[in-house]
Amino acid sequence: MTEKTTPEQTSNKYNLPKAYAFEEVEQRWYEYWMENKTFTAGMAEGKDSFSIVIPPPNVTGVLHIGHALNNTLQDLLTRYHRMKGDNTLWVPGTDHAGIATQNVVERQLATEDKTRHDLGREKFIERVWEWKTDKGGTIINQLKRMGASCDWDRERFTMDEGLSKAVREVFVRLYDDGLIYKGDYIVNWCPRCLTALSDDEVEHDPTKGKLYHLRYPYADGSGEVIVATTRPETMLGDTAVAVHPEDERYKGLEKIGIKIPLSDRVIPVVLDHHVQREFGTGALKVTPAHDRDDYEIGLRHDLERIKIMDDHGIMNEQAEKYAGMDRFACRKQIVKDLEEQGFLDKIEEYDHAVGKCYRCATVVEPTTSKQWFVSVRPLADKAVAAVRDGRINIYPNTWYNTFYAWMDNIRDWCISRQIWWGHRIPAWTCKECGKLMVVREAPTACIVCGNTELDQETDVLDTWFSSALWPFSTLGWPEQTKELETFYPTSVLITSFDILFFWVARMMMMGLHFLDEVPFRDVYLHALVRDKHGKKMSKSTGNVIDPLVTIGQYGTDAFRFTLTAFAAQGREIKMDEERIDGYRRFINKLWNAARFAQMHIKDSDPSIVAAAEKPAELVLPHRWILSRTNATILDVRKALDGYDFNLIASSIYQFTWHEFCDWYVEWIKVDLFSDDETKREQARGVLLCVLENILKMLHPICPFVTEEIWSQLPGERGTIMLEAFPEANPAWPNTEADQSMQLLMDVISATRTIRSEADVHPSVKVHASIICADAAKRDLLHDFNDSLCSMTRSESLSIMDAGTVPDDAGHILTESGVEVFVPLKDLIDVEAELDKLARERKKIEQELKRVQGKLGNAKFLSNAPDAVVEKEKGKQAELENRLAKNEESRERLGKL
RNA sequence: AGGCGCGUAGCUCAGUGGGAGAGCGCUACCUUGACAUGGUAGAAGUCGGCGGUUCGAAACCGCCCGUGCCUACCA
């Protein structure tokens, strides 16, 4: 009688604890990698290069689930290519995020009852740098928690000295090329942030508003025209009324002056094709200084531009008696006054899109001001050409159309921002003669008159200006560095689709213009991560999944595996936390398989894997698992190379759990415990070989658990990170082994099914029988009799001739035509068996009818490929056979 | 208003011209020496609807319904 072992003793026996404890493992291995500099990019001659630049998160940012997805995918590819032996670089860094960062620091100042103006520009910027050093970049540590294998020694910040130099270089060259200009232009103005916003920085929210119909009297008092507006306060800046040139209703109106209500100003009527006759009354009030379209109309008709409010959205002296009022208060007052004086025709409820600042959600005010612009057309053309001729590929390919459409309609890019934190525009104006100088370094004197008193431009550049240079500025440009030579163009850009135009398109433009080469060969656009119902995650809805909390609960590897498994191209990601738990269990499963393997191989020499190099000498299950390993490696590599992330995850999952664990490991237990040394060694060798392959394939997704298991395997082992990624082995594919194994698995499953349906207790040993006409199959079944018995808990498993089985047997005809019988004595439920047979018969007949229909169709026989016809014929024969067997069984049961 | 997707088992999703799949959940049984975070077996789907192309459609085309997103100069 042996004594029962305690769990503690069990643990010691296998070296590994019973359950995978991720916290300690993750921390330990990340420290190891950092200390050993395993993330450092190599630049060896003669090797392929693989490089990614991180989409730099805002320095103010904290890791959200979108970052988690984005960086998991990048790390996955980076680790894959590093294992393939490429010179591999993943450049990390952060973005200075102009408005966002300035807002954070301004809020901090507000708690001290100060504004940035109290400090002055210089002190304020110092303060921002202090904040950056102190509190900025928490996201970097969070990325490390995710396991990101960035080359941290190359971390960059968009306001670094080197990157700032690149910014000035680009600005000056674009200016010299005539691609940057300063102009009076209508921009989106945020009255709270006090800056211009690019079109992309304005979000259009559907808003319930009102449409006011106003009566505009003719100057001579002979009539009136009704115009409609959502912003009646802009009335005071009107400089025309526009109607469509072919609008019969207003024929001749252009000869009449219009008097603005509540004012004495008289404005002209202009004819413009832009006016849509169907909308409202077909007459449009034109406010060129406060509306983008009106601005365009104003240009066409040379209209005056009257600004009626200041930068804060307060009405100015042009607003006459409304001066000093807030724009929205003014709207109310004006409506009231119009109504009292009979100028208000009617008010309609009206839903429309209102532009709001993407940072602070303040309603944006279109207004004119002096701004700097990039002429993007020539740059955009180069980007479009690069995408069209395949120098850049976009994944998923559904984005091509969207990309082209947007590039066709692109407008000049307003790059100046009226804030303090950012790259200050390198332009100086002479106080004496007014000469504008755009130069790389601050000039000491005017190049025209020599005067030394110069004003520097106060605006800074749009944050996206410096990010547009990121793929080359981080590699040392404008210097000609070895890094540029080795790693530019970068291999792939992985980012969320919502910044395709903010950022991705602009990197293309800048890269092509300045380096005459694309910034990246591939662009992979991933989806937004939503909650499990498909809703956007937001703090107010309370459906946010915090990556760090998730990591704490399930471990980084499980989280990364989940994100990978969800990342199917062209589909939104609905994140269900239950999936994460499922993948945590997968990792635990692998852990325990390794634990089992370890029990048998821990004292072996690692060279036992050599057994797998000669599959011909191995018994069937080994040949089979090697064949399956090979197929999995091919699937995984293909998925990796095609950015089919979900397939990478599912291939490894399916293979590891349902082929390796469920079948292979179970099958070879007999051999592992066998007295036959050859059997034992073969089993150990192949077991170790396949386990190693699984770990290597899984490493890019789950770096921690694979590293930990790897380190426990026999022999002296370095980091798995630098092992070669598995390659297909020509000796492994084996169709014969696949088919033979399939037959054995069918027999086992059939036996189990019969047992289970008849409620035979697992401890009861049965005497199963098999009927099989095929000689080769009979040999195979004979050879593996022991395994079959052990896997089905059978006392014996005999291969019989037809007609010799007992009548009271449960029966299944397998797919491969082999019949399995399990005598059940009084356990058999005749009614249930007959029911089952009837159902089976119905299915067979249905299928047979379909197949016969096809084969009876002359068109099918002549049009379908031969292989398909042959297949259908084989199917027909098989089905007919099955039908006959089914009939036999019914007769047999009928005797009971 | 245009454009782009999506609609497959209760849920989350693969599949994409030649026999309907996975995970979770559900049901039954089982602590068999890696794992109960497990095992075995099972139930469950007019592949959104209607037409069309084809020898053959879940897949390709058209229309419709539902749903999501993007873009826009609807004052």
Side-chain angles (χ1 to χ4, degrees), chain A residues 5 10 13-14 16 18-20 204 211-212 227-231 234 242 274-276 278-281 283-287 291-294 296-297 350 352-353 396 398-399 401-402 405-406 409 497-498 500-501 527-528 530 532-536 565-566 568 570-576 578-579 581-600 646-647 650 653-654 657-658 661-662 665-666 669 673 748-749 752-757 759-763 790 793 847 850-851 853-854 857-865 867-869 871-872 875 879:
Chain A
T5 53
T10 309
K13 187 172 157 195
Y14 305 131
L16 300 171
K18 200 169 175 180
Y20 173 55
H204 291 89
L211 187 62
Y212 304 88
V227 298
T229 181
T230 54
R231 296 184 300 154
T234 61
H274 164 77
V275 180
Q276 294 183 14
E278 311 76 40
F279 191 92
T281 57
L284 168 68
K285 63 188 269 313
V286 183
T287 323
D291 184 279
R292 164 157 273 155
D293 306 311
D294 293 5
E296 302 283 345
I297 294 173
Y350 188 62
H352 62 137
T398 47
W399 285 100
N401 283 341
T402 315
W406 194 83
N409 298 319
F497 68 83
D498 51 345
L500 178 59
F501 306 119
L528 247 41
R530 298 163 183 282
K532 67 171 172 179
H533 304 295
K535 290 214 175 95
K536 263 189 184 173
F566 265 117
R571 187 176 275 272
E572 63 188 20
I573 297 174
K574 292 191 218 166
M575 176 58 65
D576 183 353
E578 283 182 18
R579 285 278 289 269
D581 194 52
Y583 292 126
R584 183 185 59 78
R585 293 211 291 266
F586 168 68
I587 287 165
N588 193 62
K589 181 80 181 175
L590 172 68
W591 179 260
N592 276 288
R595 204 165 144 257
F596 172 77
Q598 183 66 349
M599 169 179 151
H600 294 279
N646 59 318
L647 298 182
S650 63
Y653 182 100
Q654 175 66 25
W657 199 318
H658 299 304
C661 290
D662 287 353
V665 170
E666 291 304 322
K669 275 179 179 171
F673 287 106
I748 291 167
S749 295
R752 286 171 175 168
T753 302
I754 296 168
R755 292 184 59 124
S756 174
E757 286 183 350
D759 283 335
V760 178
H761 194 275
S763 62
S790 129
R793 312 204 126 234
E847 186 65 10
R850 207 181 61 80
V851 172
K854 273 189 174 184
N857 184 336
K859 283 186 177 172
F860 172 73
L861 294 175
S862 58
N863 290 343
V868 174
V869 176
K871 201 174 159 189
E872 291 296 322
K875 213 184 288 176
L879 287 167

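To find a chain, count down the sequence lines: A is the first, B the second, and so on, and within it residues start at 1.
Taking every side-chain heavy atom of A593(A) into account, A34(B) is the closest of A75(B), A34(B), G18(B). Of the candidates C24(B), G39(B), C55(B), the closest approach to any side-chain atom of Y653(A) belongs to C24(B). In the set C70(B), G19(B), G23(B), the nucleotide with an atom closest to the side chain of K875(A) is G19(B). In this structure, of C55(B), A34(B), G23(B), it is C55(B) that holds the atom nearest to the side chain of K859(A). Minimum atom distance to the side chain of L211(A) is reached by A75(B), of the listed G18(B), A75(B), C30(B). Distances were taken from every side-chain heavy atom of E757(A) (C-beta onward) to each of A41(B), G19(B), C35(B); the shortest belongs to A41(B). Distances from the side chain of A864(A) to the nucleotides C55(B), C30(B), C35(B) place C55(B) closest. Closest to the T230(A) side chain, of the nucleotides A14(B), A75(B), G18(B), is A75(B). The side chain of F596(A) approaches A34(B) more closely than any other nucleotide in the set C55(B), A34(B), C24(B). The side chain of N646(A) approaches A14(B) more closely than any other nucleotide in the set G25(B), A14(B), C73(B).
Note that K669(A) lies in the cation-pi zone of F596(A), set by a 6.0 Å cut-off to the ring centre and a 45° limit from the axis.
Distances shown here put a side-chain N or O of W657(A) below 4.0 Å from the OP1 or OP2 atom of G39(B). In this structure, T753(A) reaches the G42(B) phosphate: one of its side-chain N or O atoms is under 4.0 Å from OP1 or OP2. Distances shown here put a side-chain N or O of H658(A) below 4.0 Å from the OP1 or OP2 atom of G23(B). For K589(A) and G39(B), the shortest distance from a side-chain N or O to OP1 or OP2 is below 4.0 Å. For U32(B), the OP1/OP2 oxygens have no side-chain nitrogen or oxygen of R793(A) closer than 4.0 Å. Residue S749(A) places at least one side-chain N or O under 4.0 Å from the OP1 or OP2 atom of A41(B). Under 4.0 angstrom from either OP1 or OP2 of U32(B) there lies no side-chain N or O belonging to K669(A).
Between C70(B) and A9(B), the two C1' atoms lie 32 Å apart (nearest whole Å). Between the P atoms of U16(B) and G7(B), the separation comes to 13 Å (whole Å). Separation of the C1' atoms belonging to G66(B) and U8(B) is 16 Å when rounded to the nearest angstrom. Distance check on atom C1': G33(B) versus G38(B) gives 14 Å, rounded to whole Å. A distance of about 30 Å separates the C1' atoms of G25(B) and C65(B), rounded to the whole Å. Taking atom C1' on both nucleotides, C11(B) is separated from G3(B) by 31 Å, rounded to a whole Å. To the nearest whole angstrom, the two P atoms, one in G15(B) and one in G68(B), are 23 Å apart. Rounded to whole Å, the P atom of G5(B) lies 29 Å from the corresponding atom of A75(B).
For the pair Y583(A) and S650(A), nearest-nucleotide mapping onto RNA chain B gives the more 5' position to S650(A). For N863(A) and E847(A), each mapped to the nucleotide of RNA chain B holding its nearest heavy atom, the one lying further toward the 5' end belongs to E847(A).
Among the atoms of the strands shown, only primed sugar atoms or phosphate atoms (P, OP1, OP2) are found under 4.0 Å from some heavy atom of F566(A). At a threshold of 4.0 angstrom between heavy atoms, the contacts of R579(A) include nucleobase atoms, whether or not backbone atoms are also involved. Contact annotation for Q654(A): no contact, since no heavy-atom pair falls under 4.0 Å across all strands. Across all strands shown, D581(A) has no heavy atoms under 4.0 Å from either base or sugar-phosphate atoms.
Whole-Å rounding puts the L879(A) CG to G19(B) P distance at 12 Å. Look at CG on N592(A): it is 11 Å from P on U37(B), rounded to the nearest Å. Protein atom CG of D759(A) is 10 Å distant from nucleotide atom C1' of A41(B), rounded to whole Å. The separation between F586(A) atom CZ and A22(B) atom C1' is 14 Å, rounded to whole Å. Atom CG of N588(A) is separated from atom P of C35(B) by 10 Å (rounded to the nearest Å). Separating the CZ atom of F860(A) from the C1' atom of A57(B) is a distance of 14 Å, rounded to the nearest angstrom. Taking atom CD1 of residue I573(A) and atom P of nucleotide C13(B), one finds them 10 Å apart after rounding to whole Å.
Judged by distance alone, with hydrogens and angles left aside, R584(A) brings a side-chain donor or acceptor within reach of the base of U37(B), the pair sitting under 3.5 Å.
Shown here are the ring pair (Phe, Tyr, Trp, His ring centres under 6.0 Å) partners of F497(A), two or more places apart in sequence or in another chain: W399(A). Residues satisfying the ring pair (Phe, Tyr, Trp, His ring centres under 6.0 Å) test with F566(A), not counting sequence neighbours, are none.
Residues S650(A) and L647(A) form a side-chain contact, since some pair of their non-hydrogen atoms from C-beta on lies under 4.5 Å apart. Using a 4.5 Å heavy-atom threshold, the side chains of R231(A) and D291(A) count as touching.
Between the side chains of R595(A) and N592(A), at least one donor N or O sits under 3.5 Å from an acceptor N or O.
Ring-plane geometry between Y20(A) and W591(A) is classed as tilted, the angle between the planes lying from 30 to 60 degrees on a 0 to 90 degree scale.
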Query - Watson-Crick and G-U pairing of RNA chain B, under 3.5 Å, as dot-bracket with | and [ ] - result: ((((((((.[[[[.)..(..]]]].(((((.......))))).....[[[[[..)....]]]]])))))))....

